[in-house]
Amino acid sequence: MEEAQVVESKDGTISVASAFAGHHEAVQDRDHKFLSKAVEEAYHGVECGDGGPFGAVVVRNDEIVVGCHNMVLKDTDPTAHAEVTAIREACKKLGKIELDDCEIYASCEPCPMCFGAIHLSRIKRLVYGAKAEAAIAIGFDDFIADALRGTGFYQKAHLEIKQADGNGAIIAEQIFEKTKEKFQMY
């Protein structure tokens with residue numbers, strides 16, 4: 001392993017060069033390898049009619065734990081996106097709900113639901129290929145992302161969002177207080 005090179009500039013700031021000159025290239029090659037597997041999953045899902053052109057792989061210790069594709073059509077489940085399916089399968093296979101020692105590679109930028117699943121599973125790294133606009137351009141409805149980005153051009157759904165009034169909100173909030181002893185998550 002190479003020595004780190006410390007360089008001091010005229011203004012007194014110090015920079016440290018990478019201790020391993022090929023590190024960036026090695027990470028790029030590794031990312032390309034696993035992202036290619038996610039893309040293969042996307043093609044497979046379309047070819048077998050399971051769902052849209054989206055694939056994901058969960059990786060741990062440089063090995064693929066699971067590779068999945070969109071299963072929305074096959075499962076008749078609008079939540080069966082590639083990333084969510086991959087997280088569900090990886091959790092089952094590894095026997096845990098936190099994937100903090102795993103990475104996920106997705107063929108496309110995750111929608112907010114998938115990003116939420118990635119966040120909740122504590123995956124440590126996400127690498128994606130295509131931007132969401134590529135999927136939107138061929139008709140996939142990513143209206144939640146549009147709403148978050150402040151654009152409504154692609155919106156197809158008309159959804160009213162409202163918090164319950166009165167007792168509905170109160171009794172729903174009370175469940176957290178009444179059950180908190182049973183959920184010492186972290």
Side-chain angles (χ1 to χ4, degrees), residues 31 34-60 64-165 168-169 171-173 175-176 179 183 185:
D31 287 350
F34 292 127
L35 189 57
S36 294
K37 294 293 186 185
V39 170
E40 286 175 24
E41 281 288 342
Y43 277 116
H44 177 68
V46 170
E47 289 168 9
C48 65
D50 288 346
F54 304 96
V57 295
V58 173
V59 174
R60 183 172 78 163
I64 294 175
V65 176
V66 295
C68 296
H69 53 265
N70 183 289
M71 301 288 287
V72 168
L73 299 176
K74 182 178 184 195
D75 292 351
T76 319
D77 178 358
T79 70
H81 290 196
E83 299 91 334
V84 171
T85 302
I87 290 167
R88 288 173 180 160
E89 294 301 315
C91 287
K92 285 179 193 171
K93 186 172 183 178
L94 298 173
K96 59 186 191 169
I97 61 170
E98 289 189 3
L99 302 174
D100 55 353
D101 57 346
C102 296
E103 303 167 275
I104 191 165
Y105 290 80
S107 63
C108 187
E109 180 180 6
C111 74
M113 176 188 69
C114 292
F115 182 77
I118 291 165
H119 173 73
L120 290 172
S121 69
R122 305 292 191 250
I123 286 177
K124 67 179 178 179
R125 186 166 182 259
L126 158 67
V127 177
Y128 67 88
K131 293 192 74 50
E133 285 76 12
I136 293 168
I138 66 165
F140 284 90
D141 184 2
D142 201 7
F143 68 90
I144 299 171
D146 285 337
L148 293 173
R149 292 175 182 160
T151 61
F153 184 76
Y154 297 104
Q155 289 186 5
K156 296 178 185 175
H158 301 285
L159 172 67
E160 178 185 351
I161 301 173
K162 174 189 179 297
Q163 183 181 17
D165 293 327
I171 62 171
E173 288 176 3
I175 191 168
F176 296 106
T179 64
F183 297 98
M185 300 285 288

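Residues take their numbers from the sequence shown, with the count starting at 1.
- Sorted by first and then second residue, the pairs that involve residues 76-85 and meet side-chain hydrogen bond (donor to acceptor under 3.5 Å, both in side chains), not counting sequence neighbours, are D77-T79, T79-R88.
- The structure places CG of D101 at 3.5 Å from NZ of K96, a figure rounded to the nearest 0.5 Å.
- Distance alone, capped at 3.5 Å, is enough to place a donor-acceptor pair between the E109 side chain and the A132 backbone.
- When all heavy atoms are compared, the tightest approach of V57 to G67 is CG1-CA, 3.7 Å.
- A pairwise comparison of heavy atoms in L73 and G49 identifies CB-O, 3.9 Å as the closest pair.
- Across S107 and P53, no two heavy atoms sit closer than the pair OG-O, 4.0 Å.
- The two atoms that bring V58 and I87 nearest to each other are CG2-N, 4.5 Å, heavy atoms only.
- Between V84 and M113, the closest side-chain pair of non-hydrogen atoms falls below 4.5 Å.
- Residue D50 is tested with K74, H69, H44 for a side chain to side chain donor-acceptor pair (under 3.5 Å); the sole match is H69.
- Taking both residues in full, the closest heavy atoms of L94 and C102 are given as CD1-SG, 3.9 Å, listed atom of the first, atom of the second, then distance.
- Residues D31 and R125 form a side-chain contact, since some pair of their non-hydrogen atoms from C-beta on lies under 4.5 Å apart.
- Atom CZ of F34 is separated from atom CD1 of I104 by 13.0 Å, given to the nearest 0.5 angstrom.
- Here the CG-CZ distance, from D100 to R60, works out to 10.0 Å after rounding to the nearest 0.5 Å.
- Closest approach of A86 and V66 over heavy atoms only: O-CG2, 3.4 Å.
- Note that CG of N70 and CG of D75 are 9.5 Å apart. Values are rounded to the nearest 0.5 Å.
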